[in-house]
Amino acid sequence: MKLTKEEQKQYNRHLILEEIGEAGQLKLKQAKVLVIGAGGLGCPVLQYLTAAGIGTIGIIDADVVDQTNLQRQILYTVDDVGLSKAETAAKRLSKLNPYVKFKVYKEFLTKDNALALFEKFDIIVDGSDNFQTRYLSNDAAVITNKPLVYGSIFKFEGQVSVFNYKGSASYRCLYPTPPNPKDVPNCSEIGVLGVLPGIIGSLQANEVIKMICGLGDVLENKLLVFDVLSMRQFVLNYSKTEQASITRLDKNYEAFCGVTVIENEIELEKLKLNAEKYNLLDVRELWERKEHHIGGQHIPLGELTHRFKEIKINKPLAVYCKSGMRSKRAIEFLKEKEISTQLYNITNGIG
């Protein structure tokens, strides 16, 4: 395999680096990397891996572009709202580098598809935003013996590490048990500084390139923590434990991570067809309701503990928020209080 003249122009700044050169660029061209999620972390990972000349890039994401994504997911534009993230990303990235092959998977990573999918790639990059996918990615990477590049963000802080690299520690060695979901809200609930995923995603892409080209020190058995407000960063060392011995996938990652599975979910469009059959409860903040709502009572989630007795119970109750996450927590609470009506969660919220 050789680089064409056009590829030599495309990768000139790599080729003149003696640490990479043509041999290193050919390694990048032969590599196959799967990126889980084309969101906040996935966008910069995909952009820099594409620019670097990774030969084959897989993108798995079942989500669509939302206007709230544009504050940090700069791969997309307002014209892309409502379109598949995975497909849109692949089309746009192809214009950045026509020498990269993209494999698009418009689905979520599950225990049913993870192993077969991971077998097709050399390195896995986790750009997910939930713990059940992180544990699933870790376990599938260990079973298929693939390095896993981890990244996570929270408000103003990010983390990066590399798991299962040449027999190194796994995600479970670092985090043996998941936190309570109530203690770790996602960015749709608490927000995130727009530039943070760009920084952390770029660091993840850097680890991928280092592994492929054999450069520097890979973040194996090390956790990089970065604070964008103070610009402080530090590296924590951790060791491989018996938690790294994984031979099969967990039966239920949602249950393992304490994610409540709501029995009664209802799509927004279906609800609108039978609106008179339900009472509605909006648990978002007041400023969100002023911008857009679909009616019903309004009790912010934080006020529910002392106002739940105000809720109308003469009909089944459909609870909603922006993404469907806060409404799930509201339903958990109402079940604990044994509220005497049937509870429904509006799937994926009202946007």
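The number of heavy-atom neighbours closer than 6.0 Å to CD of Glu19, taken from other residues, nucleotides and ligands shown, is above 12. A 6.0 Å sphere centred on NZ of Lys91 holds no more than 12 heavy atoms belonging to other residues, nucleotides or ligands. When the shell of 6.0 Å around CG of Asn237 is examined, it contains more than 12 heavy atoms from other residues, nucleotides or ligands. Taking a 6.0 Å sphere around NZ of Lys222, one finds it holds more than 12 heavy atoms contributed by other residues, nucleotides or ligands. The number of heavy atoms from other shown groups lying within 6.0 Å of CD1 (Ile74) does not exceed 12. Within a 6.0 Å radius of CD in Gln67, other residues, nucleotides and ligands contribute 12 heavy atoms or fewer. Counted within 6.0 Å of CD on Glu338, heavy atoms from surrounding residues, nucleotides or ligands total 12 or fewer; the atom is thus considered open.
Aromatic pair Tyr135/Tyr253: centroids not less than 6.0 angstrom apart.
How far CD1 of Ile199 is from CD1 of Ile153: 10.5 Å, rounded to the nearest 0.5 Å. Taken from NE2 in His14 to CG in Leu28, the straight-line distance is 6.5 Å, to the nearest 0.5 Å. Distance check, rounded to the nearest 0.5 Å: NZ of Lys146 to OH of Tyr165 gives 14.5 Å. Separating the NZ atom in Lys312 from the CG atom in Leu317 is a distance of 11.0 Å, to the nearest 0.5 Å. In this structure, CD1 in Ile36 is found 11.5 Å from CG in Leu41, a value given to the nearest 0.5 Å. A distance of 7.5 Å separates CD1 in Ile346 from CD1 in Ile266, rounded to the nearest 0.5 Å.
No side-chain heavy atom of Asp250 sits less than 4.5 Å from a side-chain heavy atom of Lys111. Within the 4.5 Å cutoff, the side chain of Ile294 has heavy atoms near those of the Leu268 side chain. The closest side-chain heavy-atom distance from Asn138 to Asn164 is not below 4.5 Å. Considering only heavy atoms from C-beta on, Cys321 stays 4.5 Å or farther from Arg329 through its side chain. In this structure, Ile212 and Ile54 have side chains that are in contact, with non-hydrogen atoms separated by less than 4.5 Å. Residues Ile59 and Leu46 form a side-chain contact, since some pair of their non-hydrogen atoms from C-beta on lies under 4.5 Å apart. Inter-residue side-chain proximity for Cys43 and Tyr76 is flagged as met; some heavy-atom pair is nearer than 4.5 Å. Side-chain contact between Phe163 and Leu174 is present, with at least one heavy-atom pair separated by less than 4.5 Å.
Between Leu343 and Lys335 the shortest heavy-atom distance is CD1-CG, 3.9 Å. Closest approach of Ala38 and Lys85 over heavy atoms only: O-CD, 3.7 Å. The two residues Cys213 and Gly24 come nearest to each other via the heavy atoms SG-O, 3.8 Å.
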Side chain to side chain contact (heavy atoms under 4.5 Å, CB included) between Glu7 and Lys29, worked out: CA-CA 10 Å; Glu7 287 176 310; Lys29 183 175 181 178; 3.0 Å; yes
Set out, in order, the CA-CA distance, both residues' side-chain angles and the distance that settles side chain to side chain contact (heavy atoms under 4.5 Å, CB included) for Phe121 and Lys32, then state yes or no. CA-CA 5 Å; Phe121 295 88; Lys32 298 178 180 179; 3.9 Å; yes
Evaluate side chain to side chain donor-acceptor pair (under 3.5 Å) for Asn345 paired with Ser327, printing each intermediate quantity in order. CA-CA 6 Å; Asn345 184 55; Ser327 51; 2.4 Å; yes
Side chain to side chain contact (heavy atoms under 4.5 Å, CB included) between Asn12 and Lys9: does it pass, once the steps are laid out? CA-CA 5 Å; Asn12 173 264; Lys9 290 180 183 179; 5.9 Å; no
For Ser137 and Ile124, what are the C-alpha separation, side-chain angles and deciding distance, and is it a side chain to side chain contact (heavy atoms under 4.5 Å, CB included)? CA-CA 8 Å; Ser137 301; Ile124 314 299; 5.5 Å; no
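Taken together through direct or relayed side-chain contacts under 4.5 Å among Ile, Leu, Val, Met, Phe, Trp and Tyr, Val162 and Val142 form parts of separate hydrophobic clusters. Following chains of ILVMFWY side-chain contacts shorter than 4.5 Å, one can reach Val125 starting from Leu203, so the two form part of one hydrophobic cluster.
Contact check on Arg172 versus Asp139 returns a salt bridge, with a Lys/Arg side-chain nitrogen under 4.0 Å from an Asp/Glu carboxylate oxygen. Salt bridge present: Arg92 and Asp80 bring a charged side-chain N and a carboxylate O closer than 4.0 Å. Under 4.0 Å is where a charged nitrogen must lie from a carboxylate oxygen, and between Arg326 and Glu288 at least one such pair does.
The hydrophobic cluster of Leu286 has no other members, since no ILVMFWY side-chain heavy atom comes under 4.5 Å of it.
Partner of Asp282 under the side-chain hydrogen bond (donor to acceptor under 3.5 Å, both in side chains) criterion, out of Gln297, His293, Arg289: Arg289 alone.
Classification of the Phe308-Phe333 ring pair by plane angle, with boundaries at 30° and 60°, yields perpendicular. The aromatic rings of Tyr11 and Tyr99 sit perpendicular to each other, their planes meeting at more than 60°, with 30° as the lower class boundary.
Remark: side-chain polar atoms of Asn97 are paired, donor with acceptor, to backbone N or O of Thr50 under 3.5 angstrom.
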